2 protein chains.
Amino acid sequence: MVKRHSSSIEDYLEAIMLASLEGSKVTVTQISQVMGVKKPSVTSAIARLLEMGMVAHEKYGEIVLTEKGSRVAQDVYVRHQALRRFLVEILNVDEEVATDDACRMEHYLSSTSVDRLNKFIEFVMDCPQGRPIWLDGFNYFVSHGHRNPEQMLICSSRCNVRDKLTNNDE
Amino acid sequence: MVKRHSSSIEDYLEAIMLASLEGSKVTVTQISQVMGVKKPSVTSAIARLLEMGMVAHEKYGEIVLTEKGSRVAQDVYVRHQALRRFLVEILNVDEEVATDDACRMEHYLSSTSVDRLNKFIEFVMDCPQGRPIWLDGFNYFVSHGHRNPEQMLICSSRCNVRDKLTNNDE
DNA sequence: CATAATTGTTAGTATCATCTAACTGTGAGG
DNA sequence: CCTCACAGTTAGATGATACTAACAATTATG
């Protein structure tokens, strides 16, 4: 649905949005710092964003997202969070690595896939019976290099139930 | 471990590798077609790759990956496949969407995360007892918008086993 | 083997996004 | 209310990557 822009543009929008949430007025210096670029890069990015109708900004004034810019920024952030949560909460990747990966990949995940990923995270993490046992099994698998024999027994026993279910369905 | 290059460079290397696997000699036209760019773009990319020692190529000759180029290409392809398989086999995203997403994200997934993702795919798909029942549960969740009540009962019964396991561990 | 069709290259241009250096505007302290 | 430190901007350069138009080399075909 939402039109995609360059990863640079998306990064600026996201940074501006997050800076806005800090409360105080968003400045060029602030954005340049959080994004690790020089100030003229920010100025020229703002000029592009202005043309696109993504921000309101008058010379030497504060940077404010328009409705449109805000929508795009939130969209990017949703993708960021989906990727980050998946990496951290399911794959158990370190926070920093996950954040970095999410920051780079967030620009390229289709809306179809984010939706599915979010459903997956919800399915796994908001399980009514609590954290699924297989997630512990996965962490065991990662750290030991092989499956937990005890859990394999559980899995095996479940298969009988599954078979019954499958037969019922057919 | 493996140094990363621009996504464009990685794309060319991957395309050349895949074209090589087709058997016949790799040509500029072929690469330009599979990558959807014009021929001069390929020529200039090859020049860059040549400088980097990634390909061997003499004017009007065939394009061949060097050892180094081959290593990078395979590395990219591993990331591509990990992402693609995850999207298709676990999230159940359509093939084309998954391939497109993988093609774009493959350049940005850290080696730490690919490894973990591959372990996850292996853990889920190569389960000794076959396809995990919760994957069916997830597909039900996706298509119905809520969990399968029958599966929730199974999950619930498993929790007792988990509790025993956890107590044993402590 | 001559020539047409195809393939590949060169030259030149454009865009995006960054940088440095130098300049200008602003606001806080004296 | 002046001045100076800092914030922001402008101008111009750079690098990566793509493009078109035009040219050159190669291959295939009669």
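Bear in mind the structure is a predicted one, so any value in this text is a computation, not a measurement. Every chain is numbered from 1, with letters handed out A, B, ... down the list of sequences.
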Do the side chains of A:Glu95 and A:Arg84 get close enough for a salt bridge, i.e. N-O under 4.0 angstrom? yes

Figure out the CD/P separation between A:Glu58 and D:dG8, and round it to whole Å. 14 Å

Residue pair A:Ala19 / A:Gln30: nearest heavy atoms and the distance that separates them: CB-NE2, 3.7 Å

A:Ile9 vs A:Lys59, nearer the 5' end of DNA chain C by closest nucleotide: A:Ile9

Who pairs with B:Arg79 by side chain to side chain donor-acceptor pair (under 3.5 Å), at least two apart in sequence or on another chain? B:Glu10, B:Asp75

Which part of the nucleic acid, if any, lies within reach of A:His5 when heavy atoms closer than 4.0 Å are counted: base, sugar-phosphate only, or nothing? nothing

By side chain to side chain donor-acceptor pair (under 3.5 Å), which residues pair with B:Glu67, not counting sequence neighbours? none

Once you round to the nearest 0.5 Å, how far does CD of A:Glu122 lie from CG of A:Asn118? 8.5 Å

Selection: residues 25-51 of chain B, any non-hydrogen atom under 4.0 Å of DNA chain C: B:Thr27, B:Val28, B:Thr29, B:Lys39, B:Pro40, B:Thr43

Quickly work out the A:Tyr12 OH to C:dC16 P distance and round it to whole Å. 14 Å

Can a donor-acceptor pair be found, under 3.5 Å and without considering hydrogens, that links the side chain of A:Arg116 to the backbone of B:Asn92? yes

